[in-house]
2 protein chains.
Amino acid sequence: MPDRAQRADTRVTVDLVIFAIREARLQVLLIRRAVAPFEGRWALPGGFVLAGEGLEAAALRELEEETGVRQVYLEQLYTFGDPGRDPRGRVVTVAYVALIAADRAPLEAGSDAAAARWWPVDDRPPLAFDHDKILDYAVERLRNKLEYTTVGFQLLPRQFTLTALQQVYEAVLGRRLDKRNFRRKIALLGILTPLRERRTEGGRPARLYEFSARRFEKLKDKGILFPF
Amino acid sequence: MPDRAQRADTRVTVDLVIFAIREARLQVLLIRRAVAPFEGRWALPGGFVLAGEGLEAAALRELEEETGVRQVYLEQLYTFGDPGRDPRGRVVTVAYVALIAADRAPLEAGSDAAAARWWPVDDRPPLAFDHDKILDYAVERLRNKLEYTTVGFQLLPRQFTLTALQQVYEAVLGRRLDKRNFRRKIALLGILTPLRERRTEGGRPARLYEFSARRFEKLKDKGILFPF
DNA sequence: CCAAAAGTGTTAGGAGTACACCCATGG
DNA sequence: CCATGGGTGTACTCCTAACACTTTTGG
């Protein structure tokens with residue numbers, strides 16, 4: 001039987017990988033650490049789980065503290081607990097992924113001196129702790145989930161154009177998609193409600209759409225998904 | 001800032017969902033609890049993570065303690081940390097899924113009085129703690145993974161017949177598959193090495209095969225998977 | 001009338017599904 | 001020779017991917 005020293009208590013944190021599409025790229029919100037260890041390095045936002053607080057509740061609390069946003073898509077990613085991942089002692093962290101719509105992303109990309117800013121995931125600084133590993137895994141999961149769920153809609157405002165939707169897929173997957181094939185497949189799913197129009201930059205005005213969760217429920221039962 | 005009482009230390013456990021195919025059914029290894037809470041109830045095997053021990057290392061250690069097997073497929077499933085999930089206090093558990101080949105599954109299905117036995121997942125007793133939720137989620141994940149990875153081979157001995165492979169898929173997915181279509185798709189993947197023959201029960205001798213990991217590596221790069 | 005982005009169909013190839021009979025062995 | 005499980009091919013449908021031009025607006 002393990003004695004008390006062996007099954008020592010452990011500190012548990014949650015870390016957040018907060019994604020948004022900005023400037024047609026997949027970006028992640030990072031915090032510059034003000035204290036040791038890794039002082040001055042960029043890191044994923046996160047913090048300790050409080051007594052009597054659920055893991056997801058802790059993640060939501062941290063998310064609101066960092067960004068001010070609520071009611072966002074949040075999903076548990078993985079739990080990292082290697083001894084030595086935190087030089088201060090045994091810390092197990094439960095990583096979560098949050099997706100924020102572009103129009104709700106709170107922070108402008110500031111100067112390098114800012115304490116928090118968005119970074120493109122494929123053009124970012126080295127991170128503190130094992131956060132590079134966590135972020136890489138989050139990107140991989142997001143790519144996979146994009147193909148068989150509706151998480152892509154979480155990265156858009158409520159009303160959006162088909163081009164904007166396609167740009168989300170292209171930004172996350174990191175490759176171009178064929179416009180006609182993309183539109184046909186989306187249309188085939190029948191989960192979008194067309195609205196009125198609105199012009200944007202440059203050319204011909206684009207029709208706006210809304211995601212129809214009701215229709216999607218029926219599709220999920222049939223196992224119909226997002227094959228891009 | 002949270003004070004000491006708020007970010008109280010927490011005990012961290014690992015719980016194991018150990019699957020095997022026995023009697024052509026998907027079964028799970030359960031332990032009868034000898035002590036409170038939930039004394040006499042069946043539960044997933046598990047235990048505390050030791051000081052200085054990684055999470056996966058703890059899972060492997062528990063697995064070997066329970067079953068004596070090593071070098072099995074092991075994958076982190078999800079982390080459960082609701083306050084109140086354990087009446088003794090705050091316990092966060094990291095759940096793992098292990099897959100054991102039928103010929104390495106150590107225990108015979110014993111009497112009800114045994115401390116550990118295999119149960120069919122769809123015909124099992126109610127479990128202690130939140131273990132029903134954990135097990136249900138594990139089954140769901142296994143079903144999904146079966147369709148786009150090679151985890152199915154982990155549930156078979158090194159040498160197996162195509163019928164045995166098909167039975168694994170049928171047991172996990174819970175539905176019958178067409179024999180000709182199944183064989184064609186497996187052959188198309190080209191990841192099996194045919195061996196010599198061996199008869200088994202009843203009729204015509206069946207050819208044995210081995211899984212060829214080398215060939216599979218190439219397929220993974222191309223995104224070719226298991227579409228059943 | 002020019003620039004800019006929106007919108008729209010057809011074709012060819014590959015994958016999935018449904019389906020029934022003969023073969024090799026042991027007893 | 002019979003019981004038992006092993007092994008094989010075809011036809012139809014549907015999904016995927018490749019591919020280029022016209023339309024609508026603002027300036």
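Below, read A as the first sequence line, B as the second, and so on, with proteins coming before strands; counting in each chain starts at 1. When reading the values below, keep in mind they use all heavy atoms of this one structure, side chains included, and skip hydrogens, waters and symmetry mates.
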Applying side-chain hydrogen bond (donor to acceptor under 3.5 Å, both in side chains), can you list everything that pairs with B:R196, at least two apart in sequence or on another chain?
none

All side-chain hydrogen bond (donor to acceptor under 3.5 Å, both in side chains) counterparts of B:D123, not counting sequence neighbours:
none

Taken in chain and number order and not counting sequence neighbours, the residues that satisfy side-chain hydrogen bond (donor to acceptor under 3.5 Å, both in side chains) with A:D132 are A:R124

Report the distance from atom CZ of B:R207 to atom P of D:dG7, rounded to the nearest whole Å.
8 Å

Give a yes-or-no answer on whether the side chains of A:N144 and A:R141 include a donor-acceptor pair shorter than 3.5 Å.
no

Among the nucleotides C:dG16, D:dG7, D:dT16, whichever has the atom closest to the side chain of B:R183 is D:dG7

With sequence neighbours excluded, tell me which residues meet side-chain contact (heavy atoms from CB on, under 4.5 Å) with A:E64.
A:R70

From CG of B:L188 across to P of C:dG14 the rounded distance in Å is 11 Å

Those residues that, when tested against B:I31, pass side-chain contact (heavy atoms from CB on, under 4.5 Å) (two or more places apart)
B:P45, B:E66, B:A116

With a non-hydrogen cut-off below 4.0 angstrom, is A:T161 in contact with a base, only sugar-phosphate, or nothing?
nothing

Length of the CZ-C1' vector between B:F182 and C:dA18, whole Å:
17 Å

Under a 4.0 Å heavy-atom criterion, the protein footprint on nucleotides 19-27 of chain C, written with B, S and -, is BB--BBSS-

Integer-rounded Å distance: D:dT16 P and A:L177 CG
13 Å

With sequence neighbours excluded, what pairs up with B:Q166 under the side-chain contact (heavy atoms from CB on, under 4.5 Å) test?
B:E170, B:L177, B:K179, B:F182

Among residues at least two apart in sequence or on other chains, which ones pass side-chain contact (heavy atoms from CB on, under 4.5 Å) with B:R41?
B:F38, B:P126, B:A128

Quantified as the angle between the terminal helix axes (five pairs each), what is the overall bend of the helix from C:dC1-D:dG27 to C:dG27-D:dC1 to 10 degrees?
0°

